Amino acid sequence: MQDRVRRLNQVPPHEGPIVYWMIREQRAHDNWALLYAQHIAIQRKQPLYVVFCCRTDLDKYLGTTRMLDWMLRGLEEVSQELEKHHINFTFLLGDPPTEVKKFCTHISAGEVVVDFFPLRPYTTWHQEISQTELYAVTQVDAHNIVPCWVASTKQEFAARTIRPKITRLLPNYLLAFPKLNEHPFPAPESHTNWKTVHSKIKVDTSVPALTWIEPGAQAALDQLKTFVSQRLPAYAEDRNDPNKQALSLLSPYLHFGQIAPQRVAFEVSQNVNHTKNSESFLEELIIRRELSDNYCFYNSQYDSFAGLPNWAQETLDAHRADERTIHYTVEEFETAHTHDEIWNAAQQEMLQTGKMHGYMRMYWVKKILEWTKDPEEAQKTALHLNDTYSIDGRDPNGYVGVAWSIGGLHDRPWFERPIFGTIRFMSASGLHKKFNTAAYVTKWQTLTLD
DNA sequence: ATCGGCTCGCGCAA
DNA sequence: TGCGCGAAGCCGAT
């Protein structure tokens with residue numbers, strides 16, 4: 001466990017309750033950050049608090065009903081589980097670092113544990129909470145199976161450069177989780193009024209909650225079970241066909257930390273015969289996901305043009321003046337009003353379900369590059385739409401997916417083209433060869449009056 | 001249906 | 001310093 005843990009300030013731990021500030025890992029079980037916090041709390045005979053803080057003006061940060069409903073229902077389950085284990089769960093409203101600092105000072109915390117989320121808003125919050133003399137702040141990578149800073153000490157160039165590093169270390173980490181204990185040093189209980197919380201947080205209500213899939217840790221485990229028994233057997237063959245139900249559907253749970261990647265990988269590697277299907281799935285789940293964290297952790301410009309590899313920036317620069325014969329506004333993209341019915345179907349899939357099939361995501365982003373005035377606007381548009389409508393938006397996987405599609409990240413150059421330069425191109429004719437595009441369009445097209 | 005060429009640079013072997 | 005090879009492709013030739 002020790003190499004999952006790093007100190008964020010130099011304040012020595014002292015007498016006082018232990019606080020786990022939960023951000024990314026929204027689950028009670030299989031959570032290394034909580035397990036570590038409980039471990040030191042028991043060692044020091046201290047009560048344990050888990051605190052979650054949410055702004056009330058989420059509408060200013062692309063917050064939607066879809067995302068808030070998913071998150072709060074998951075957290076309600078977390079609070080019930082923690083209560084069963086005599087661990088205090090406190091929901092705070094307001095500016096997160098300010099409110100969490102206030103809380104920690106108020107209860108005279110001896111040490112504060114945070115989880116690991118390599119995106120700027122959260123790294124900034126972690127810096128802010130660490131700037132104190134009052135309590136030690138410790139970070140635990142509870143997301144990656146091989147901790148991000150252990151897997152590699154630099155930004156990796158491609159999957160093939162990080163793969164051997166992770167594969168070599170994996171046997172040391174792909175193990176069963178210890179159980180969360182009933183905490184022997186109780187804290188005062190606090191009860192969250194979830195209806196009040198929901199009503200106090202302002203969000204964009206035009207993006208409705210999802211009804212076809214249930215949030216939460218129990219639902220995640222159920223989904224994993226169904227995936228392993230029903231969809232994994234055809235995963236390798238069918239995963240790139242958007243008409244087939246072959247994918248795990250776990251990314252919403254993984255994004256909100258409602259299930260641990262290590263749990264998913266452990267169950268698949270323990271209980272499934274080693275086949276091309278499990279290999280193909282574990283490559284996605286472990287290598288590609290940890291490569292995304294690696295990029296965001298070591299490249300603070302993960303969401304901008306300047307973060308792209310040099311060869312990609314150069315080739316896109318050389319094609320800035322290329323004529324864009326088709327150009328759409330954000331609104332036209334957003335409402336699925338392009339000339340390309342396959343692209344519109346993908347956009348509709350995301351609008352309606354909060355998810356877009358993995359294969360279509362690549363095509364969808366590459367077409368935004370083709371139909372937008374410059375790569376910066378294309379990247380901004382793709383991220384804006386993904387972060388607003390996808391339930392797994394604002395995730396390192398999303399930033400890497402967009403950078404791969406628009407800016408050759410973790411990819412190689414291909415042959416020269418207008419607009420794209422040597423960035424890999426994708427065309428509708430390629431999609432026709434791979435799956436029944438007409439069926440996909442029919443499935444997602446909606447009646448429009450114009 | 002299958003194949004080669006397109007094009008760059010990392011990382012390892014030498 | 002040379003060389004193999006790579007995160008999901010395209011296109012034209014055979």
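Proteins come first, then strands; the chains are lettered A, B, ... in the order of their sequence lines, and each starts at number 1. Just so it is clear, the model here is predicted, and its values are computed rather than measured.
The line from OH of Y302(A) to CG of L383(A) is 9.5 Å long, rounded to the nearest 0.5 Å. Atom-to-atom distance recorded for W149(A):CH2 and Q139(A):CD is 4.5 Å, nearest 0.5 angstrom.
Put simply, T161(A) has no side-chain N or O that comes within less than 4.0 Å of OP1 or OP2 on dG6(C). Here R417(A) does not reach the OP1 or OP2 of dC10(C): none of its side-chain N or O atoms lies under 4.0 Å away. Checking the phosphate oxygens (OP1, OP2) of dC10(C), no side-chain nitrogen or oxygen of Y363(A) falls inside 4.0 Å. Contact between the side-chain N/O atoms of K433(A) and the OP1/OP2 oxygens of dT2(B) is not found at any separation under 4.0 Å. Side-chain nitrogen and oxygen atoms of K165(A) include none within less than 4.0 Å of the OP1 or OP2 phosphate oxygen of dC10(B). When the side-chain nitrogen and oxygen atoms of R160(A) are compared with OP1 and OP2 of dG4(C), none of them lie within a distance under 4.0 Å.
Side chains of N144(A) and D293(A): a donor on one and an acceptor on the other come within 3.5 Å. Of the N and O atoms on the side chains of S390(A) and N386(A), at least one donor lies less than 3.5 Å from an acceptor on the other residue. Side chains of N31(A) and Y36(A): no donor on one and acceptor on the other come within 3.5 Å.
Atom C1' of nucleotide dA1(B) and atom NZ of K434(A) are separated by 14 Å, given to the nearest angstrom. Taking atom CG of residue L291(A) and atom P of nucleotide dG6(C), one finds them 15 Å apart after rounding to whole Å. Separating the CE atom of M426(A) from the P atom of dA8(C) is a distance of 10 Å, rounded to the nearest angstrom. For the pair H357(A) NE2 and dA8(C) C1', the interatomic distance rounds to 11 Å; values are reported in whole Å. In this structure, N240(A) atom CG and dA8(C) atom P are separated by 10 Å, rounded to whole Å. Residue I287(A) contributes atom CD1, which lies 16 Å from atom C1' of dA8(C) at whole-angstrom precision. Atom CZ in R163(A) sits about 16 Å away from atom C1' in dC12(B), given to the nearest Å. Distance CD1 (I419(A)) to P (dC10(C)): 16 Å, rounded to an integer number of Å.
The residue S429(A) sits close only to the backbone: its heavy atoms come under 4.0 Å of sugar-phosphate atoms, none of a base. Across all strands shown, K366(A) has no heavy atoms under 4.0 Å from either base or sugar-phosphate atoms.
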Just the table, please: protein N/O against nucleotides 3-8 of chain B N/O, every pair under 3.5 Å.
| residue | atom | partner | partner atom | Å |
| --- | --- | --- | --- | --- |
| dT7(B) | O2 | P413(A) | O | 3.0 |

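Side-chain contact check for K225(A) versus D222(A): every heavy-atom pair is 4.5 Å or farther apart. At least one side-chain heavy atom of L385(A) sits less than 4.5 Å from a side-chain heavy atom of E334(A). Within the 4.5 Å cutoff, side-chain heavy atoms of D57(A) are placed close to those of K60(A). By the 4.5 Å heavy-atom criterion applied to side chains, E267(A) and V228(A) are not counted as neighbours.
Outside the 6.0 Å centre-distance limit, the rings of H255(A) and H143(A) are not counted as a close aromatic pair.
In the set dG11(B), dA8(C), dC10(C), dA8(C) carries the atom at the smallest distance from any side-chain atom of M362(A). The side chain of D411(A) has dA8(C) as its nearest neighbour among dG11(B), dC10(C), dA8(C). Nearest nucleotide to the Y359(A) side chain, out of dC11(C), dG11(B), dG9(C): dG9(C).
Remark: DNA chain B forms stems of 3 or more consecutive Watson-Crick or G-U wobble pairs, all pair distances under 3.5 Å, at B:1-6 with C:9-14, B:8-13 with C:1-6.
Relative to the six-membered ring of Y61(A), R55(A) meets both conditions, a distance below 6.0 Å and an angle of at most 45° to the axis.
The separation of dA8(C) from dA1(B), taken at their P atoms, amounts to 22 Å, rounded to a whole angstrom. Atom name P, nucleotides dG4(B) and dG4(C): the rounded distance is 16 Å, in whole Å. With both ends at atom P, the span from dC10(C) to dG9(B) equals 23 Å, rounded to whole Å.
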